[in-house]
Amino acid sequence: MEELPVPHNIKISNITCDSFKISWDMDPKSKDRITHYFVDLNKKENKNSNKFKHKDVPTKLVAKAVPLPMTVRGHWFLSPRTEYTVAVQTASKQVDGDYAVSEWSEIIEFCTADYSKVHLTQLMEKAEAIAGRMLKFSVFYRNQHKEYFDYIREHHGNVMQPSPKDNSGSHGSPISAKLEGIFFSCNTEFNTGKPQQDSPYGRYRVEIPAEKLFNPNTNLYFGDFYCMYTAYHYVILVIAPMGSPGDEFCKQRLPQLSLSDNKFLTCTQEHDGLVFHQAQDVILEVIYTDPVDLSWGNVAEIIGHQLMSLSTADAKKDPSCKTCNISVGR
């Protein structure tokens, strides 16, 4: 019996966060005997991975021989923004149920994509369901150590500069390690309406009047929804001055929110000026995409505690939480 043709010149296309298309060339000889394709898919080895952790089980997919390119889809074995290796065999099912197989093709590497706007909209809808009632607020605030603010004054002319967002939150978030901005909070104590007294990020806080950062000349975007194996849930929002580089970045990748009508953060014009509200039942993390001058607000030491355990710096999302996960790659 002639050997089955070995796939070569493998091409990967139409990559999403949990699917891709694969095609290849092969010798037409014995092509009509092919009944199935075997696809061997593995996460690419990370040199820094924990050697004591169980390795991911290789995924060998058995597919009927369909016209190429063939779509491979499945959130149970594909994660967003993850590097994979893939190889292919052709196979012929025998009368006894066994398979005759070709040799494996060469190994190809590729990386899955981030969440699309469609996926982020699904995530946003889940966040809207638990956001709760809206409370008034008047300032955005940012906590850091005293040395941070001293450095900004001495080396950056009193101006806080945007920096790349860390890798906290959903693994498929398109803003992680890509969007540059400055992190602010705006949640208030429900009984006083004032900024929360405690913070995980440092004992010194700059408070900026809300209208300086959030006004009709800015756009608002939904960025992410996640938790860290706790009851607390976090929503990341992005405020970008219209037409800024941050605004252009977000416009292409994130769902845009109405400034005056959304479940998380609103800015409305009333007779005595702009009025601001924020969702009570989620912790809002607001990223402002332009530089911010400390002179726009005031820096002072907080009277509360520095609760390091609540820090979300590079925090990993709980992939098992039914509240904040969608059925695509985590």
If I take atom CZ from residue Phe276 and atom OG from residue Ser138, how far apart are they, to the nearest 0.5 angstrom?
9.0 Å
Say you draw a straight line from OG1 of Thr230 to CD1 of Ile283; how long is it, rounded to the nearest 0.5 Å?
7.0 Å
Start with the C-alpha distance between Asp98 and Lys93, add both sets of side-chain angles, then the distance that settles salt bridge (Lys or Arg N to Asp or Glu O under 4.0 Å), and finish with yes or no.
CA-CA 6 Å; Asp98 282 345; Lys93 194 167 187 177; over 6 Å; no
Within the side chain of Gln94, is there an N or O that forms a donor-acceptor pair under 3.5 Å with the backbone of Ser92?
yes
Considering residues at least two apart in sequence or located in another chain, which fulfil the side-chain hydrogen bond (donor to acceptor under 3.5 Å, both in side chains) criterion with Ser116?
His119
Is there a side-chain contact between Ser168 and Ser176, using heavy atoms and a 4.5 Å cut-off?
no
Could you walk me through whether Lys126 and Asn325 satisfy the side-chain contact (heavy atoms from CB on, under 4.5 Å) test, starting with their C-alpha distance in whole Å, then the side-chain angles of each, then the deciding distance to 0.1 Å, before giving a yes or no?
CA-CA 8 Å; Lys126 299 201 80 162; Asn325 281 292; 5.7 Å; no
For the side chain of Ser79 and the backbone of Thr82, is there at least one donor-acceptor N/O pair under 3.5 Å apart?
no
Show the numbers, then the answer: is there a side-chain contact (heavy atoms from CB on, under 4.5 Å) between Ile287 and Lys165?
CA-CA 9 Å; Ile287 297 172; Lys165 183 197 169 295; 3.9 Å; yes
Not counting sequence neighbours, which residues clear salt bridge (Lys or Arg N to Asp or Glu O under 4.0 Å) with Glu147? List them please.
none
With no hydrogens and no angle check, is any side-chain donor or acceptor of Ser23 less than 3.5 Å from a backbone partner on Leu68?
no
Nearest non-hydrogen partners of Asp290 and Ser244, listed with the distance:
OD1-CB, 3.8 Å
I want to check something: taking the side chain as every heavy atom from C-beta on, are Arg203 and Lys146 in contact at a cut-off of under 4.5 Å?
no
Nearest heavy-atom approach of Leu213 to Val292 is CD2-CG2, 4.0 Å
Interatomic spacing from CZ in Phe184 to OH in Tyr141 - rounded to 0.5 Å
12.0 Å
Answer yes or no: is there a side-chain heavy-atom contact under 4.5 Å between Phe38 and Leu61?
no
Under 3.5 Å, is there a donor on one side chain and an acceptor on the other for Arg142 and Tyr288?
no
Short question: side chain of Thr289, backbone of Gly181 - any donor-acceptor pair under 3.5 Å?
no
Review item, side-chain donor-acceptor pairs of residues 100-107, under 3.5 Å, at least two apart:
unit_1: Ser102; atom_1: OG; unit_2: Thr90; atom_2: N; d: 3.0
unit_1: Ser102; atom_1: OG; unit_2: Thr90; atom_2: OG1; d: 3.2
unit_1: Ser105; atom_1: OG; unit_2: Val88; atom_2: N; d: 2.9
unit_1: Ser105; atom_1: OG; unit_2: Val88; atom_2: O; d: 3.4
unit_1: Glu106; atom_1: OE2; unit_2: Asn9; atom_2: N; d: 3.2

Between the side chains of Gln144 and Tyr151, is a donor N or O closer than 3.5 angstrom to an acceptor N or O?
no
Listing, residues 152-159 side-chain donor-acceptor contacts under 3.5 Å, not counting sequence neighbours, or none:
unit_1: Arg153; atom_1: NH1; unit_2: Asp150; atom_2: OD1; d: 3.3
unit_1: Asn158; atom_1: ND2; unit_2: Asp293; atom_2: OD1; d: 3.3

Can you pull out every side chain to side chain donor-acceptor pair (under 3.5 Å) where at least one residue sits in residues 260-272? Sequence neighbours excluded, please.
none
Run the ring-centre check on Tyr37 versus Trp24 and record whether the distance is less than 6.0 Å.
yes
Is there a salt bridge (Lys or Arg N to Asp or Glu O under 4.0 Å) between Asp40 and Lys60? Walk through the geometry before answering.
CA-CA 4 Å; Asp40 191 29; Lys60 188 177 284 186; 5.8 Å; no
Test side-chain contact (heavy atoms from CB on, under 4.5 Å) on Val286 and Phe140 and set out the steps.
CA-CA 9 Å; Val286 179; Phe140 290 100; 4.1 Å; yes
Side-chain heavy atoms of Gln278 within contact of Leu135, under 4.5 Å
yes
Short side-chain donor-acceptor distance under 3.5 Å, Ser170 and Asp224
yes
Taking all atoms of both residues into account, what is the closest heavy-atom pair of Phe225 and Leu123, and its distance?
CD2-O, 3.7 Å
Are the side chains of Phe264 and Met124 in contact, using a 4.5 Å heavy-atom criterion?
yes
Shortest non-hydrogen contact from Ala279 to Ala131?
CB-O, 3.4 Å
Could you please spell out the steps behind the side-chain contact (heavy atoms from CB on, under 4.5 Å) verdict for Leu265 and Phe137?
CA-CA 10 Å; Leu265 189 73; Phe137 77 101; 3.5 Å; yes
Roughly how far apart are Asp114 CG and Ser173 OG, rounded to 0.5 Å?
7.5 Å
Salt bridge present between Glu189 and Lys194 (N-O < 4.0 angstrom):
no
Please confirm whether Tyr204 and Phe149 have ring centers closer than 6.0 angstrom.
no
Which atom pair, heavy atoms only, marks the closest approach of Ile239 to Leu220?
CG1-CD1, 3.8 Å
Apply ring pair (Phe, Tyr, Trp, His ring centres under 6.0 Å) to Phe20 and Phe110, showing your working.
CA-CA 10 Å; Phe20 61 93; Phe110 72 99; 4.7 Å; yes
Determine whether more than 12 heavy atoms belonging to other residues, nucleotides or ligands lie under 6.0 Å from atom NZ of Lys251.
yes
I'd like to check Ile108 versus Thr85 (side-chain heavy atoms, cut-off strictly below 4.5 Å). Are they in contact?
no
Are Phe222 and Met242 connected in a single hydrophobic cluster, I mean Ile/Leu/Val/Met/Phe/Trp/Tyr linked by side-chain heavy atoms less than 4.5 Å apart?
no
Asp281 atom CG, neighbour heavy-atom count above 12 within 6.0 Å:
yes
Taking all heavy atoms of Gly297 and all of Ile208, pick out the closest pair and write down the distance.
N-CD1, 3.8 Å
Under the 3.5 angstrom rule, does the side chain of Asn14 hit a backbone N or O of Ile22 as a donor-acceptor pair?
no
Hey, could you give me the OH/CE distance between Tyr148 and Met160, rounded to the nearest 0.5 Å?
5.0 Å
Can you list everything that forms a salt bridge (Lys or Arg N to Asp or Glu O under 4.0 Å) with Arg253? Sequence neighbours excluded, please.
none
Tell me whether Asp18 contacts the main-chain N or O of Gly74 through its side chain, where contact means a donor paired with an acceptor under 3.5 Å.
no
Student check: side-chain heavy atoms of Leu237 and Leu284 closer than 4.5 Å
yes
Less than 4.5 Å apart, side chain to side chain, heavy atoms only: is that true for Lys317 and Met228?
no
Say whether, by atom type as modelled, one donor and one acceptor occur between the side chain of Asp318 and the main chain of Ser320 under 3.5 angstrom.
yes
May I ask you to check whether His233 and Tyr226 place their ring centres under 6.0 Å from each other?
no
Identify whether Met134 and Leu274 are in the same connected component of the hydrophobic contact network (ILVMFWY, side-chain heavy atoms under 4.5 Å).
no
Between the main-chain N or O of Pro5 and the side-chain N or O of Asp27, is there a donor-acceptor pair closer than 3.5 Å?
no
Could you tell me the separation between the CD atom of Glu180 and the CZ atom of Phe249, rounded to the nearest 0.5 Å?
9.5 Å
